[in-house]
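First up is the structure itself, then whatever we jot down about it.
Computed from heavy atoms alone, side chains included, the values below leave out hydrogens, waters and symmetry copies. Each residue takes its place number in the sequence, starting with 1.
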Amino acid sequence: MPPSEPQSASVAVPAAPRRPQRSTVRHGQASCADYGCTRTECRQAALKARRQRNQDRLRGRPARVPPYAAARWALRLREQGMSAQDIADKAGLSVTLVRRLLRVPRQDQTANIARTTADAVLGIPVPARREPKAPGLTDSAETSRLLADLARAGWPAPTLAQRLDINPATVAEVRDRRPRLQLDLALRIRRLHRELIALDPISQGIRPADAARTRTAAARRTTAP
């Protein structure tokens with residue numbers, strides 16, 4: 001019997017980690033390529049991040065650092081009116097990661113974060129105030145009520161965000177969760193409420209389906225425990 005030919009050994013290719021269902025990683029971020037995305041901008045971002053890690057290692061700089069400096073800076077950015085989504089967009093990070101930073105507890109309870117993550121957050125400049133005559137922070141109770149009124153009237157958050165020149169996630173955050181917000185943003189929301197509350201959104205170009213969806217979501221939030 002002729003000897004059997006040696007079987008070729010197959011090389012195991014490591015599978016990409018599974019993307020979480022609620023992942024908010026976007027194209028153009030290094031972590032998107034880590035989940036197996038092959039878009040050019042994602043692969044280039046991953047390559048840039050890898051090169052930065054290699055340079056840090058050659059210089060003796062640790063790849064992971066304590067999160068407290070980045071967390072303090074993220075909190076300052078939020079106090080200046082930026083939402084977690086705003087910070088994530090500026091830093092090119094996942095909003096989930098930014099929210100985790102904003103919840104950093106005492107210094108003995110949190111794991112280190114990647115140096116590239118810390119550098120990305122620390123590199124965001126403090127936003128300039130739009131109205132120097134209205135500095136500081138204010139309670140969000142009244143502003144939250146005004147945004148809820150506009151939602152019940154059928155005005156979608158993206159439309160309000162466009163008129164306020166902010167991120168739609170900021171509208172939702174001020175309406176539902178944020179305890180304080182920048183005073184000039186509160187004043188702009190108050191003016192916008194006066195302008196829109198008596199108008200029919202559909203007559204102003206809002207699609208009927210979008211207005212109905214906004215009203216339904218507002219009613220659901222009102223009845224939620």
Side-chain angles (χ1 to χ4, degrees), residues 11-129 137 157 161 165-174 176-182 185:
V11 179
V13 178
R18 184 176 180 182
R19 186 189 295 263
Q21 289 185 351
R22 296 185 178 181
S23 171
T24 54
V25 172
R26 298 174 301 284
H27 292 299
Q29 298 179 349
S31 49
C32 189
D34 294 339
Y35 287 127
C37 180
T38 58
R39 285 197 179 191
T40 302
E41 62 267 31
C42 302
R43 296 173 65 182
Q44 288 178 344
L47 180 60
K48 181 179 179 180
R50 191 178 307 116
R51 286 173 177 167
Q52 184 62 52
R53 289 194 298 268
N54 291 338
Q55 291 176 1
D56 289 342
R57 186 170 58 252
L58 292 174
R59 295 171 183 169
R61 305 175 71 194
R64 302 185 70 81
V65 296
Y68 312 112
R72 287 193 296 269
W73 191 250
L75 286 170
R76 181 178 177 186
L77 294 172
R78 187 173 67 176
E79 289 171 355
Q80 292 296 112
M82 294 182 70
S83 70
Q85 186 66 62
D86 296 332
I87 298 172
D89 290 341
K90 290 286 186 182
L93 300 172
S94 162
V95 69
T96 304
L97 178 55
V98 173
R99 287 173 179 155
R100 195 178 305 140
L101 264 181
L102 291 169
R103 294 194 301 266
V104 167
R106 297 196 310 270
Q107 295 196 3
D108 58 349
Q109 295 183 347
T110 305
N112 290 346
I113 61 174
R115 178 181 292 279
T116 52
T117 296
D119 290 344
V121 173
L122 293 169
I124 301 175
V126 175
R129 297 190 184 280
L137 301 175
D165 192 25
I166 59 176
N167 192 292
T170 303
V171 173
E173 194 172 291
V174 171
D176 300 334
R177 294 188 298 277
R178 186 184 294 186
R180 294 170 66 79
L181 76 159
Q182 198 171 341
L185 176 57

Requested in this report: Of all the heavy-atom pairs spanning A157 and P168, show the shortest one and how long it is.
Outcome: CB-O, 4.4 Å

Report summary line: The residue among V95, L101, L97 that forms side-chain contact (heavy atoms from CB on, under 4.5 Å) with R99 is V95

Report summary line: Closest non-hydrogen atoms of C37 and C42, given as atom of the first, atom of the second and distance, are SG-SG, 3.7 Å

Report task. Rounded to the nearest 0.5 Å, what's the gap from NZ on K90 to CD1 on I124? Could you check? Result -> 8.0 Å

Report task. Search all heavy atoms of V65 against all heavy atoms of A118 and return the closest pair with its distance. Result -> CG2-CB, 3.9 Å

**Report entry** Validation row: R72, R76 side chains within 4.5 angstrom (heavy atoms)
**Finding:** no

**Report entry** Which atom of I87 lies closest to which atom of R78, heavy atoms considered
**Finding:** CD1-N, 4.4 Å

Report summary line: Taken to the nearest 0.5 Å, the spacing of T170 OG1 from L181 CG works out to 10.0 Å

Report task. Output the distance between atom CG (N112) and atom OG1 (T117), rounded to the nearest 0.5 Å. Result -> 11.5 Å

Requested in this report: Identify the two heavy atoms, one from V98 and one from A84, that lie closest to each other, and give their separation to 0.1 Å.
Outcome: CG1-O, 3.7 Å

Report summary line: In short, A91 meets V121 closest at the heavy-atom pair CB-N, 4.4 Å

